[in-house]
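What follows is a short report on a single structure.
Just so it is clear: chains get the letters A, B, ... in the order the sequence lines come, proteins before strands, and each one is counted from 1. Quick caveat, the model's predicted, so the values are computed rather than measured.
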Number of protein chains: 2
Amino acid sequence: MNNSLPTSATPAGTASSRVFDHLRKDLVGGRFVAGEKLAINALKDRYQVGLSPLREALNRLAAYGLLVQENQRGFRVPKLSRDELDDISQMRLEMEGMALERAIANGDSLWEADLLAAAHRLKRADISLDKGEEWEHLHTQFHRTLVAPCGSVWLLRFIEQLHDHFDRYRRLGPKMPTIRQELDEQHHQLVELALQRDAKAARELMDDHIHKSYEVALKRYQDHV
Amino acid sequence: MNNSLPTSATPAGTASSRVFDHLRKDLVGGRFVAGEKLAINALKDRYQVGLSPLREALNRLAAYGLLVQENQRGFRVPKLSRDELDDISQMRLEMEGMALERAIANGDSLWEADLLAAAHRLKRADISLDKGEEWEHLHTQFHRTLVAPCGSVWLLRFIEQLHDHFDRYRRLGPKMPTIRQELDEQHHQLVELALQRDAKAARELMDDHIHKSYEVALKRYQDHV
DNA sequence: GTAGGTTAAAAAATCGATTATCTTGTCTAA
DNA sequence: TTAGACAAGATAATCGATTTTTTAACCTAC
């Protein structure tokens, strides 16, 4: 069972790729302040790589949207804005809703098993001492599994990208255990509705789920400013 | 009045960016064969740049999806497939339809003027001796203008990316003047419906437009294989 | 006091050379 | 004959140094 996760175990080939992955996590996880200009030499030390692989990673991240590149004046972390958060959330509603409906139409029994497994792992990480980073990974994995059999590579790609950018807002502040519990509850309900192949109800719940997440993210953004 | 278009006149800052733009055009325009492995040293000569800026451009293109990067074995041009063409076209239907409806709801009178202008320029380029590359640019510009006031930066970004990838298929073969005329006719009808703010009819026409383009692209793909 | 100009320091971008990895062809042993 | 081992050449990735451009500090003239 090889699902090719770029998790800790992977040697991850080139220095470029390693830095890319690491930087991506750090940017999504809010380890840099929005708007900040990146000091390349500092990054070189921080990630223990030379200039060339570092710059290649930065270029990839810029093309992905997690950095902005200004000709002749390096890279900076994109600013956050209410407008962008609204935009991203709106797009998530459209695209993940679409993907979920298709996934429910296409998903086979292997998908059902994967889904149950992903939900279970997520719950486990939640009950046990929350290691944060681990929960984040399982959470991403759960949502990925949910829409995986939607049949569109491009749709999945866009959703992934939106998630990364959404998380820049969601992960701004400290944990909010109360709301998280509510959202976690929805994860299980989503699995149930998916197994029952109730596309309509599942989509409605997904809409609500995204909307609640949006409210969390918005709160954090407003507190943060 | 600086509208910062990266058109011909712009010196385009860094070598990286210049190569990126150039390579992107060449990849979309079918100047490389799908599946081909890129010989970096050859590219260095072809685009008259050193290794570092070239590699940075390649990394950006890979993140954008116009190249695939295999660790330790360089870059190659992505293969084409019927499945991907179907996927891209389906996504275009969803996303451009959505964008057009929103643009019609939001667009102001400046938009109307821009739209008329873009359509007119496109027609002009079409009547005059078709310089190919020029028509392509105006065509892209027209579709961009059409959906521009949709209000979602992310939606526009995804549409742009889908267009680029769609064009890898559409531009495989030689020109097909008969069908192009039909498609050009639709451009003008789209403008009319947009100005009349008839969202429903406009979306239907857009669906048809994308579907016809899809058929052209599919034909070319099949002839090409 | 401020706009404009000059220059030194800092940072970004690029180059040329080196190192690591893959690929190919050849040889050997079963 | 062929699977595997090995070496040589080709290619990718990375490093260290250089060049170019921006930034910041200072000065001068009005």
Side-chain angles (χ1 to χ4, degrees), chain A residues 2 4 6 9-24 26-27 31-79, chain B residues 2 4 6 9-24 26-27 31-79:
Chain A
N2 171 19
S4 75
T10 314
T14 72
S16 253
S17 302
R18 240 174 310 120
V19 187
F20 173 79
D21 289 340
H22 199 166
L23 253 169
R24 181 180 133 170
D26 288 350
L27 285 162
R31 295 253 211 309
F32 295 90
V33 315
E36 168 184 11
K37 172 134 184 277
L38 293 184
I40 297 199
N41 279 325
L43 292 181
K44 242 181 39 167
D45 297 343
R46 176 165 177 172
Y47 296 102
Q48 294 291 309
V49 277
L51 204 59
S52 313
L54 175 58
R55 285 189 58 88
E56 290 187 11
L58 295 175
N59 272 277
R60 285 195 231 178
L61 287 163
Y64 188 68
L66 282 175
L67 291 176
V68 292
Q69 186 165 24
E70 298 168 282
N71 274 345
Q72 242 82 28
R73 48 191 79 171
F75 298 84
R76 61 175 60 244
V77 182
K79 290 221 181 76
Chain B
N2 171 19
S4 74
T10 314
T14 72
S16 254
S17 302
R18 240 175 309 122
V19 187
F20 173 80
D21 290 340
H22 200 165
L23 252 169
R24 179 180 140 179
D26 287 349
L27 285 162
R31 294 253 209 309
F32 295 89
V33 315
E36 170 185 9
K37 171 137 183 273
L38 294 185
I40 297 199
N41 280 324
L43 293 181
K44 242 182 39 165
D45 298 343
R46 176 165 176 171
Y47 295 102
Q48 294 291 310
V49 278
L51 204 58
S52 312
L54 175 57
R55 285 189 59 88
E56 290 186 11
L58 295 175
N59 272 278
R60 286 196 232 177
L61 287 162
Y64 188 69
L66 282 175
L67 290 177
V68 293
Q69 185 164 25
E70 299 168 281
N71 274 346
Q72 240 82 30
R73 49 191 78 172
F75 298 84
R76 61 174 61 246
V77 182
K79 289 221 181 76

(message) From CG of A:Leu54 over to C1' of C:dA12, roughly how many Å is that when rounded to an integer?
(response) 12 Å

(message) Among B:Val49, B:Leu38, B:Asp26, which residue satisfies the side-chain contact (heavy atoms from CB on, under 4.5 Å) criterion with B:Leu43?
(response) B:Leu38

(request) Identify, with sequence neighbours excluded, every residue that meets ring-ring contact (aromatic ring centres under 6.0 Å, His included) alongside A:Tyr47. (result) A:His22

(message) What is the separation between atom CD on A:Glu36 and atom C1' on C:dA11, rounded to the nearest whole Å?
(response) 15 Å

(message) Hydrogens and angles aside, do B:Ser16 and A:Asn59 bring a side-chain donor and acceptor to less than 3.5 Å of each other?
(response) no

(request) Over all heavy atoms of both residues, which pair between A:Ala63 and B:Ala63 is shortest? Give the atoms and the distance, please. (result) CB-CB, 3.6 Å

(message) I'd like to know if the side chain of B:Arg76 and the backbone of B:Gly35 have a donor-acceptor N/O pair within less than 3.5 Å.
(response) yes

(request) Can you check each nucleotide of nucleotides 9-23 of chain D against protein heavy atoms at under 4.0 Å and return B for base, S for sugar-phosphate only, - for none, in 5' to 3' order? (result) --SSSBB-B---SSS

